[in-house]
Amino acid sequence: MTPTHTDKQYESELANLREKLLLMGAKVEGMIVDAMRSLVERDDAVAKMVIERDAEIDRMEVEIDEMALQLLALRQPAASDLRFITNAMKIVTDLERIGDLSTNIAERSVELSKEPQLRPYVELQREAAAVRTMLRDALDAFVSRDAARAEAVRERDREVDILHRQIFQELQGLMKESPANVERGMRLAFISKYLERIADHATNLSEAVVFLVQGRDIRHTPKTPSSTGK
Amino acid sequence: MNKLSTRKLTVRYGEKIAVKPTDLDMPAKRVTALIGPSGCGKSTFLRCLNRMNDLVEGARVEGKVLLDEKDIYDSRQDPVVVRRRVGMVFQRSNPFPKTIRENVAYGLRIGGMKARSELDARVEWALKASALWEEVKDRLDESALSLSGGQQQRVCIARALAVEPEVLLMDEPASALDPIATAKIEELIHELREQYTVVIVTHNMQQAARVSDFTAFFYMGDLVEYGATTKIFTNPSETRTEDYITGKFG
């Protein structure tokens with residue numbers, strides 16, 4: 001194990017920040033799952049619960065930012081502590097956006113439940129499952145400080161992009177067939193887009209983990225497995 | 001361009017080894033900070049760079065210290081000349097119980113400068129270079145001991161600069177000063193690096209981060225890591241460096 005900080009108070013402040021981030025991550029992951037459940041099961045009550053949970057995510061974002069700011073001001077962190085705290089401030093934005101996007105899925109699902117189902121949601125569920133796994137792996141990589149695992153998350157963003165494009169094309173076809181399909185088709189296309197955006201945020205998160213662990217900034221670099229990873 | 005370099009520099013106090021064989025290059029017109037816990041050898045290392053350890057009882061120095069690629073420990077080198085080229089400022093400001101003017105002119109007089117006008121010009125220059133001139137120009141003939149701690153420290157810096165050294169060694173130059181006086185010293189260091197090579201020992205890691213271009217981390221007589229200060233403070237390579245600067249020691 002890595003040694004702990006001589007200053008126990010500092011150590012526990014860092015631990016609190018980390019736990020709070022993980023808790024927030026777990027909560028937004030749950031929101032994705034429930035938002036998709038509300039869609040598939042056409043359950044408005046579940047959708048409303050997702051929408052209500054967003055306020056808590058927003059609150060956590062503000063709290064985490066405050067904690068990070070205080071640590072920066074009072075502790076003058078360096079090296080991996082500094083990378084962790086500055087990253088926390090970025091990660092929290094991604095998590096908050098994932099919360100928003102999950103809320104958007106729940107909103108569209110409430111609208112969709114008012115009309116007959118346009119088509120089975122098999123591909124959307126596949127997309128959602130892929131996105132959720134990306135988020136969970138990114139969070140796990142964060143916990144275990146596993147840069148290789150984080151980089152693998154980034155690689156999977158491409159799969160989600162391809163799924164999204166397929167879904168979008170199929171929906172386009174349905175909408176061209178009949179104007180009656182357009183409203184539902186649009187809503188479903190939005191949901192697919194929200195999921196694709198969540199995957200982008202999970203990608204940001206995984207890039208942050210690589211920076212946190214290795215101090216290597218892989219943003220805006222080609223998504224191919226690095227041979228220099230340590 | 002390296003102004004100062006050590007090659008297998010080793011220091012022993014009797015049986016005890018204080019600095020293990022160390023190779024370190026200190027680039028010209030840059031600030032190099034030496035950090036590490038108490039007893040890590042950083043001050044001992046610093047004192048080798050102008051042969052101050054010659055004056056320490058029981059200290060034995062081996063290896064080379066190259067100043068412009070010439071070994072200052074070579075028997076043909078005059079330590080007095082070395083110390084004029086490599087000046088030093090200490091932790092406790094130590095002005096002589098003389099006037100401000102005489103403090104700054106001290107090294108010049110020893111060096112044989114006599115003409116009043118020449119001395120005055122150089123005193124003014126040195127006090128300006130140490131960012132003290134505006135504060136003391138009307139009281140040059142008052143005792144240096146009447147100044148505040150921060151001002152006394154800058155008198156000492158002016159005294160060191162007056163003889164026009166090429167390198168300035170600083171051993172905890174701000175550790176006894178309040179934050180404002182510290183900020184002035186740090187700003188001064190920043191300005192000095194335009195013309196001088198500075199090597200500074202500090203316990204204050206934020207100070208090392210603020211003032212230096214390069215940082216060397218010593219631990220138990222070992223040079224553990226040396227690199228650009230931005231690298232050392234954001235992403236050090238060595239676990240021991242990481243542990244020290246994040247406060248995970250002891």
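What you are looking at is a predicted structure, and each value in this text was computed from that prediction instead of being measured. Numbers restart at 1 for each chain; the letters A, B, ... are given by sequence-line order, proteins then strands.
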Heavy-atom count check: over 12 atoms from other residues, nucleotides or ligands less than 6.0 Å from [X] [atom1]?
X	atom1	result
B/Tyr13	OH	yes
B/His203	NE2	yes
A/Phe168	CZ	no
B/Lys231	NZ	yes
B/Leu55	CG	yes

Spacing of [X] atom [atom1] and [Y] atom [atom2] [to the nearest 0.5 Å]:
X	Y	atom1	atom2	answer
A/Glu11	B/Thr246	CD	OG1	9.0 Å
B/Thr234	A/Arg83	OG1	CZ	7.0 Å
B/Ile245	A/Leu82	CD1	CG	9.0 Å

Inset, instruction - For the pair B/Glu242 (side chain) and A/Ser80 (backbone), establish whether a donor and an acceptor sit closer than 3.5 Å, ignoring hydrogens and angles. - result: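 Checked: pair present.
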Legend entry - Heavy-atom donor-acceptor pair, A/Gln76 side chain to B/Gln206 backbone, under 3.5 Å: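 Side chain of A/Gln76 to backbone of B/Gln206: no pair is present.
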